[in-house]
S.K.: 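Dropping the structure in here first, questions after.
Note that the structure is a prediction, hence the values are computed from the model and not measured. Residue numbers begin at 1 in each chain, while the letters A, B, ... track the order of the sequences.
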Protein chains: 2
Amino acid sequence: MKRTILIYSLAIAAAALVLQWIEYQYTVRVFSTEIYIGLIALLFTSLGVWVGYKLTHRSAAAPFERNAQALEYLGITEREIEVLELLAEGRSNKEIGEELFVSPNTVKTHLAHLYDKLDVSRRTQAIQKARSLNILP
Amino acid sequence: MKRTILIYSLAIAAAALVLQWIEYQYTVRVFSTEIYIGLIALLFTSLGVWVGYKLTHRSAAAPFERNAQALEYLGITEREIEVLELLAEGRSNKEIGEELFVSPNTVKTHLAHLYDKLDVSRRTQAIQKARSLNILP
DNA sequence: GGCAGAATCATCCGTTCGGGTGATGCGCGC
DNA sequence: GCGCGCATCACCCGAACGGATGATTCTGCC
């Protein structure tokens, strides 16, 4: 992150130097100071928009970090998470069982434990709750 | 939106005028052009960051804009959306019926239509698909 | 006036889920 | 070695859900 800021700072400095050079070229020309200032303003405003976009979208586009504290606190196991993820994808118990190479009965057991730990009673509620706890994206 | 852009443009123009005035004050002073340019760059970059932040976060922090095109295209009705929203909150058909003052049978009918339009066969799939279509937040 | 789409409700039937209970095996720690 | 937690599986039962079909009412549109 500090490296990123450094790079952006250097880029801005470089742009400033370029602008300064351009200034020396153009002050002897016919353009008025207003136009000159406007161009600088426009360019650096665009630069700022770009920088701001990069900065804000770096955190917004994060690959989603699972809330480990919640999992720890609720005592949710690895296997239960796998079931939960497939659950959120809209699979049936049978399909989940096939995906994880276990019987639907086992899936039911995992789900029952999940319902217990999440304090819900339906799969749709489990999805909603898990999402609100940042256990699911 | 157009009004917003206009306001920002005017703000930038005003800032440019201010800067120009400052320039006339300072060119007779001791400061070198490098410092002057640097200040302009810094100020307008900050302005750009602010504008960019406002622009991106206006859409990101919006109360969620429903994908009207998808609804139109799929032919999903107002009532079906209401059912869909309660569905995503994990309610049962009976609870949804009570919430909307209709019988569970009616809810079932609406859901059947939704499954048809969303091309799914389970409520969890409906939630997932609706979310991916930006019909649900 | 009639037609199309919507919202409402119902019944039947089969599948899926959820709750409860019990059982087995495996690994880990005291 | 014994207990504990985890994962696995099974059975039962009742509730919830999904699919299909049909009916009624109302509204908007041609």
S.K.: Would you tell me if any nitrogen or oxygen in the side chain of A:Arg122 comes within less than 4.0 Å of OP1 or OP2 on D:dA15?
M.R.: no

S.K.: Does some side-chain heavy atom of A:Gln125 sit less than 4.5 Å from a side-chain heavy atom of A:Leu118?
M.R.: no

S.K.: Would you say A:His113 reaches D:dC6's phosphate, i.e. side-chain N/O to OP1/OP2 under 4.0 Å?
M.R.: no

S.K.: To the nearest Å, give me how far apart CD1 (B:Ile96) and C1' (C:dT8) are.
M.R.: 16 Å

S.K.: Between D:dC9 atom C1' and A:Arg79 atom CZ, what is the distance in whole Å?
M.R.: 13 Å

S.K.: Between B:Glu95 and A:Arg122, is there a salt bridge with N-O shorter than 4.0 Å?
M.R.: yes

S.K.: For the pair made of CG in B:Leu111 and P in D:dA20, what is the distance, rounded to whole Å?
M.R.: 15 Å

S.K.: Is A:Asn93 close enough to C:dC17 that one of its side-chain N or O atoms is under 4.0 Å from OP1 or OP2 there?
M.R.: yes

S.K.: Rounded to whole angstrom units, what separation is found between the CG atom of B:Leu100 and the C1' atom of C:dC9?
M.R.: 15 Å

S.K.: Below 4.0 angstrom from OP1 or OP2 of C:dA7, is there any side-chain N or O of B:His110?
M.R.: no

S.K.: Per the atom types in the model, does the base of C:dC9 pair as donor or acceptor with the side chain of B:Thr109 at under 3.5 Å?
M.R.: yes

S.K.: With DNA chain C as reference, determine whether A:Lys94 or B:Gly75 sits nearer its 5' end, using the nearest nucleotide of each.
M.R.: B:Gly75

S.K.: How would you label the contact of B:Ser121 with the nucleic acid (heavy atoms, under 4.0 Å): base, sugar-phosphate, or nothing?
M.R.: sugar-phosphate

S.K.: Provide, to the nearest angstrom, the distance between the CD atom belonging to B:Glu95 and the C1' atom belonging to D:dC17.
M.R.: 14 Å

S.K.: Does A:Ser103 place a side-chain N or O at less than 4.0 Å from the phosphate oxygens OP1/OP2 of D:dA10?
M.R.: yes

S.K.: With a cut-off of less than 4.0 Å, is there a side-chain N or O of A:Arg123 near OP1 or OP2 of C:dG18?
M.R.: yes

S.K.: Do you know the tightest heavy-atom contact between B:Ile127 and B:Ala88?
M.R.: CD1-CA, 3.7 Å

S.K.: OP1 or OP2 of C:dA7 sitting under 4.0 Å from any side-chain N/O of B:Thr77?
M.R.: yes

S.K.: Between A:Lys117 and A:Glu80 (salt bridge meaning N to carboxylate O under 4.0 Å), is one present in this structure?
M.R.: yes

S.K.: Determine: side-chain N/O of B:Asn105 to OP1/OP2 of C:dA10, distance under 4.0 Å, yes or no.
M.R.: yes

S.K.: When we call it a touch if two heavy atoms are under 4.0 Å apart, what does B:Thr106 touch: a base, just sugar-phosphate, or nothing?
M.R.: base

S.K.: Between A:Tyr115 and C:dG19, is there a contact of a side-chain N or O with OP1 or OP2 at under 4.0 Å?
M.R.: no

S.K.: Is B:Asn93 reaching over with its side chain to a backbone N or O of B:Pro104, donor-acceptor style, under 3.5 angstrom?
M.R.: no

